[in-house]
Structure formats: structure tokens, C-alpha cells
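Report on the structure given below.
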2 protein chains.
Amino acid sequence: MGIRERKERERFQRRAAILASARTAFIKHGLATTSMERIAKEAELAKGTLYLYFSSKDELLMGLIAADLEVLHERLHNVKSSSLPADRKLLQAFLEFHAFSRENQFFFQVMTQLNVAQIVGGEHSQETFDKFSQANQTILDIVKHIVQEGVDTGVFQLHASVHDVIIQLTLAIKGSIVIIKNNMVPSFWIRQEECELLEQVVQMLIRGISRGPSTVILKESSQ
Amino acid sequence: MGIRERKERERFQRRAAILASARTAFIKHGLATTSMERIAKEAELAKGTLYLYFSSKDELLMGLIAADLEVLHERLHNVKSSSLPADRKLLQAFLEFHAFSRENQFFFQVMTQLNVAQIVGGEHSQETFDKFSQANQTILDIVKHIVQEGVDTGVFQLHASVHDVIIQLTLAIKGSIVIIKNNMVPSFWIRQEECELLEQVVQMLIRGISRGPSTVILKESSQ
DNA sequence: CATAAGAACTGACCAACAGTCATCTTTGTG
DNA sequence: CACAAAGATGACTGTTGGTCAGTTCTTATG
């Protein structure tokens with residue numbers, strides 16, 4: 001009989017249900033003020049039960065953003081497959097990244113709570129971390145693909161290896177978003193629309209790897 | 001008599017002593033695992049006493065990094081006064097920023113714990129926040145000065161107002177450092193030396209605001 | 001110097017939280 | 001049905017940030 005399979009499926013579903021409840025709880029009460037107890041109540045379970053599915057709060061949080069990452073991955077894949085020139089593609093990819101950060105308010109807040117290195121170290125169910133790691137890698141690969149394309153078509157001219165450059169790009173963008181989303185900077189610094197601000201950061205970076213006096217990006221770029 | 005003055009001085013000294021003890025405790029036991037109790041013990045005071053000088057742990061942390069910021073400010077001021085061309089100056093300024101981050105390990109870790117907006121909101125002793133805010137502002141002004149100089153001498157060509165651009169620059173660099181210092185990214189992403197990596201991010205950004213095919217920065221830049 | 005006013009300090013105490021585990025409940029099997 | 005295994009529970013533990021009634025030290029005054 002498929003009892004083993006059914007159990008496995010049920011386990012997976014419950015896991016997903018817990019994540020969904022966690023998300024709901026976070027939206028209701030905010031990230032900082034949502035305890036495991038609250039999440040449990042939202043999921044109509046006891047607190048202890050959560051720990052049968054996640055070895056710690058951190059792992060639960062990571063489970064949340066791992067799921068989000070897969071959504072992002074799909075979106076980026078579409079950008080990659082489009083027929084834009086590489087620099088436009090790259091811009092588009094990072095704008096997608098930013099759009100994603102708007103719809104997943106918690107993603108970048110959770111990120112600040114997580115010490116990735118520490119989670120990798122512990123003997124958590126590898127599953128969660130693998131998924132997270134995998135998603136991260138796939139996304140990076142997409143960026144790499146786009147940059148490589150730009151190099152091949154002569155749009156980009158790099159001053160370091162492709163790998164290094166995409167790490168640098170990703171770091172700068174992710175970092176900017178993290179800072180903004182977590183109010184790590186006096187609010188009066190930020191006079192521009194968040195969206196416009198980030199777009200200009202991306203453009204600055206792209207110009208930094210573009211060959212020649214430049215491309216579409218110098219002109220008005222929105223719309 | 002100068003009793004009032006002496007009291008005030010003593011109060012200030014004690015405050016400073018607490019901050020020093022906090023720093024020692026953090027270095028001894030790490031940021032995450034240092035409680036107020038520990039700091040108190042290190043300072044040879046009772047926990048309650050700390051709260052006579054800082055309204056919360058957050059404010060104490062902010063006090064720590066506010067002091068650090070003043071050191072940074074001084075260093076940046078030297079760069080500003082140097083006679084380098086603007087792009088080199090800007091590079092130098094951000095490298096100084098990074099060097100600072102190495103010597104003040106906690107600065108960027110503390111930053112992720114602080115919700116600046118929240119601290120501003122509360123009725124904490126305005127003093128701490130003012131100092132923090134002030135230091136931030138001064139630093140920003142230095143960057144502004146350098147960028148403006150670059151514009152005036154034709155080295156830079158901006159695609160937005162000077163104010164917007166310096167915010168963007170600062171955001172990207174600060175963000176990159178925050179991400180690295182807090183392990184917010186799988187460690188195997190980072191293959192480069194941290195220092196080299198950040199330098200290249202900065203260079204990418206600077207190229208992004210530079211006019212023409214470019215300057216010193218394209219060549220080997222260290223040393 | 002004696003003493004009162006009050007500033008500075010203390011540590012037992014509280015509430016909130018992540019995480020544990022002995023116990024109970026449900027499910028599958030022979 | 002009996003009984004074992006898996007699943008779920010919530011009272012409990014240990015730790016933390018923060019409070020506050022009470023103690024000790026400092027200063028002003030008669």
C-alpha cells in the first residue's frame with residue numbers, strides 16, 4: 001500500500017501549512033513580534049509540534065524564504081529567455097529582484113536575522129538548507145548567464161572574472177535592499193522613491209561594466 | 001562651586017566607561033551572546049545601573065557605533081583634504097570605509113540589530129541619536145563634497161542629483177559590507193578576498209559615474 | 001558634626017521567548 | 001481487539017531585556 005507515500009505527502013503538506021500560517025502570522029503581527037507560540041496558534045497546532053517539522057525558528061524562517069526564492073527564480077528565468085540586449089536584461093533582472101522584495105516584505109527582514117553560516121554548520125535537516133542553497137545558486141547562474149551573454153556580444157567589458165563580477169553585482173543590490181528594508185539608515189537620507197533609487201543604483205553598476213560611452217541605459221529607461 | 005560640572009563630567013565618564021566595557025564584553029564573548037548582565041559585570045556595575053545611562057540595549061549599541069562613526073569621520077576628512085583627483089579620492093574614501101569595517105567588527109553587526117526608525121521614534125535620550133545622526137550626516141557631506149568636486153572638474157558625469165547619487169553610492173557599499181560581515185550569503189559565493197571584492201564593487205560604481213573611457217581607476221589601482 | 005534631601009546604585013523580580021520532553025492520542029498492523 | 005509506533009501536546013526550563021522598591025553614598029545646611 002501507499003501508506004508510506006501518503007505519510008510522506010501528509011508530512012510535506014503539514015510543513016507547507018505551517019509555513020503558510022507563519023506567513024499569515026507575520027503579516028498580521030509583524031516579524032519582530034511574532035513568536036513560535038503565535039505561529040502555532042495560527043496553524044492550530046501546539047508549539048512543540050512546530051519543532052517536529054523545523055528544528056529551530058531559524059530553520060522555519062529559512063524555509064519561508066527558500067520558498068520565496070523559487071518564485072523569484074521563475075521570474076528571473078523569464079527575463080533570461082527574453083530577447084533584450086544583455087544590459088537591458090540585467091537591468092530588468094534586478095528590477096524583478098526589487099519587485100520581488102516589495103511583494104515579499106519579509107524576505108529581506110528575515111535575511112538579517114539569519115546567520116547563514118551558522119545554519120549550515122548545525123545539523124539541521126539538510127533539506128531546508130539545500131533548498132535554500134540551491135535556489136540561490138540557480139539565481140546566481142541566471143545572472144551569470146546574462147553577464148556572459150553581455151561579454152560575448154561586446155556589450156560588457158569586465159575588469160574581473162565573470163564569477164567575481166556577478167557576486168559583486170548581487171552583493172551591491174541585495175545589500176542596498178537590505179539596508180532600505182530594515183531602516184538601517186536615517187529615514188531622511190532617502191528622499192527618492194525607493195524604486196527609482198534602486199533602479200539608479202543598478203544602472204550605475206551596469207554602466208560600470210559596460211563598454212563604451214553607452215547604450216540604451218543612458219537614455220530614459222523606465223517604460 | 002563646580003559641583004554641577006563635576007557631576008556632569010562624571011556622568012559622561014561613567015557612560016563612556018560602560019561603552020568601553022560593552023566593547024570589551026563583545027570582543028570577549030561575541031555580539032550575539034553578550035547580555036546586559038554580562039556588560040554590567042564587565043563594568044562592575046549592576047544591570048539596573050546601565051539603564052540609568054541608556055534607556056535600552058539598542059540605545060547602548062547605538063552609543064557604541066556613534067563613537068565609532070566619529071573616528072571614521074576623522075579619517076574621511078583626511079581623504080577629502082588630500083590632493084588626489086576626485087575619482088581616486090572617492091575610491092580612497094570607500095576603502096577607508098572598508099578598513100574601518102575591519103577594525104570595528106561590531107559596527108556592521110550592530111547595524112543589523114538596530115531599527116533606526118524605531119529608535120528615533122521612541123523618547124530615548126535624544127543625545128545618543130543626535131550624535132549618531134550627526135556623524136552620519138557629516139560623513140555624507142564629505143562624500144558629497146568629493147563627488148561635487150568630481151563633477152566640477154569634469155571627472156564625473158551624473159545621471160541624477162548629487163544628493164541622490166551619494167545616497168546610492170553609500171547604500172551600495174554599506175549594503176555590501178553588511179551582507180558580508182553578517183554572512184547573509186552562502187560562504188562559498190565569496191571566493192575573492194573580501195578586500196579585493198569590495199574594492200571592485202567600488203570601482204564598478206565609480207566607473208558608473210565617470211565620464212569618458214576613463215581614468216586611473218581602470219589601471220591597476222592598489223598601491 | 002548631625003542630619004535631611006536627593007542622587008546614584010542595586011539585585012530580586014517580571015514577562016516574553018525559544019526550545020524540551022514526559023505524557024497523551026491517533027493510526028496502522030497482526 | 002491488542003498493541004506498537006508515530007504524531008501531537010502543553011507544562012516546564014533557562015535565558016534575556018527591562019523594572020522598581022529599597023539601600024547606600026553625596027552634598028547642602030543649621
Side-chain angles (χ1 to χ4, degrees), chain A residues 1-18 21-22 25-26 28-64 110 113-115 118-119 122-125 128, chain B residues 1-19 21-22 25-26 29-64 110 113-115 118-119 122-125 128:
Chain A
M1 312 150 207
I3 285 183
R4 192 172 204 91
E5 287 79 357
R6 200 200 71 210
K7 288 252 167 166
E8 204 165 312
R9 203 172 56 238
E10 278 176 359
R11 187 178 168 78
F12 181 82
Q13 282 169 350
R14 175 133 288 181
R15 221 187 108 94
I18 291 174
S21 298
F26 286 142
K28 267 192 197 160
H29 308 106
L31 189 78
T33 52
T34 299
S35 62
M36 288 298 264
E37 188 63 50
R38 264 233 169 96
I39 297 174
K41 201 156 272 173
E42 184 70 39
E44 293 174 304
L45 291 170
K47 182 159 63 146
T49 310
L50 300 191
Y51 286 89
L52 298 177
Y53 294 87
F54 301 91
S55 68
S56 69
K57 194 182 190 185
D58 271 5
E59 204 198 314
L60 194 154
L61 289 176
M62 198 179 234
L64 256 188
V110 166
Q113 312 286 328
L114 249 43
N115 185 323
Q118 193 177 307
I119 293 183
E123 349 76 23
H124 299 261
S125 78
T128 306
Chain B
M1 316 148 204
I3 284 183
R4 190 172 207 91
E5 288 77 358
R6 202 200 69 209
K7 287 252 167 167
E8 205 165 313
R9 203 173 54 238
E10 278 176 356
R11 186 178 168 77
F12 181 81
Q13 281 169 350
R14 174 128 291 181
R15 219 187 108 97
I18 291 175
L19 286 179
S21 299
F26 285 143
H29 308 106
L31 188 80
T33 52
T34 300
S35 60
M36 289 299 265
E37 189 63 51
R38 264 228 168 101
I39 297 174
K41 201 155 272 174
E42 183 71 40
E44 293 172 305
L45 290 171
K47 183 159 64 146
T49 311
L50 301 191
Y51 286 90
L52 298 177
Y53 293 87
F54 302 91
S55 69
S56 69
K57 194 181 189 185
D58 270 6
E59 203 197 315
L60 194 154
L61 289 177
M62 198 179 234
L64 257 189
V110 166
Q113 313 287 329
L114 287 172
N115 186 325
Q118 193 177 306
I119 293 183
E123 352 75 24
H124 300 260
S125 76
T128 307

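Predicted, not measured: the structure shown is a model, and the values here were computed from it. Proteins come first, then strands; the chains are lettered A, B, ... in the order of their sequence lines, and each starts at number 1.
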Exercise for review: Taking ring pair (Phe, Tyr, Trp, His ring centres under 6.0 Å) as the test, write out the residues that go with A/Tyr51, two or more places apart.
Suggested key: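 None.
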Round to the nearest Å and state the distance from [X] atom [atom1] to [N] atom [atom2].
{"X": "A/Lys41", "N": "D/dT9", "atom1": "NZ", "atom2": "P", "result": "13 Å"}
{"X": "A/Glu10", "N": "C/dT26", "atom1": "CD", "atom2": "C1'", "result": "12 Å"}
{"X": "B/Ile39", "N": "D/dG18", "atom1": "CD1", "atom2": "P", "result": "11 Å"}
{"X": "A/Arg11", "N": "C/dT27", "atom1": "CZ", "atom2": "P", "result": "17 Å"}
{"X": "B/Leu60", "N": "D/dT16", "atom1": "CG", "atom2": "P", "result": "16 Å"}
{"X": "A/Ile18", "N": "D/dG7", "atom1": "CD1", "atom2": "P", "result": "13 Å"}

Spacing of [atom1] belonging to [X] relative to [atom2] belonging to [Y], to within rounding of 0.5 Å:
{"X": "B/Arg14", "Y": "B/Glu10", "atom1": "CZ", "atom2": "CD", "result": "8.5 Å"}
{"X": "B/Phe54", "Y": "B/Leu64", "atom1": "CZ", "atom2": "CG", "result": "7.5 Å"}
{"X": "A/Arg6", "Y": "A/Arg9", "atom1": "CZ", "atom2": "CZ", "result": "7.5 Å"}

Show me the donor-acceptor pairs, under 3.5 Å and distance only, between side chains in residues 32-45 of chain A and residues at least two apart or in other chains.
residue : atom : partner : partner atom : Å
A/Thr33 : OG1  : A/His29 : O            : 2.3
A/Thr34 : OG1  : A/Gly30 : O            : 2.6
A/Ser35 : OG   : A/Arg38 : N            : 3.3
A/Arg38 : NH1  : A/Thr33 : O            : 2.9
A/Glu42 : OE1  : A/Lys28 : NZ           : 3.1

Study note, to complete from the structure: Per-nucleotide protein contact along nucleotides 10-25 of chain C, 5' to 3', at a 4.0 Å heavy-atom cut-off (B base, S sugar-phosphate only, - neither), is BB-----SBBB-----
Check your understanding: Are B/Tyr53 and B/Leu19 side-chain neighbours, meaning at least one heavy-atom pair lies under 4.5 Å?
Key ->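 In short, these two side chains do not touch, never coming nearer than 4.5 Å.
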Point to revise | Under-4.0 Å side-chain N/O to phosphate OP1/OP2 contact, B/Tyr53 with C/dA8 | key: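 Checking B/Tyr53 against C/dA8: no side-chain N or O falls below 4.0 Å of OP1 or OP2.
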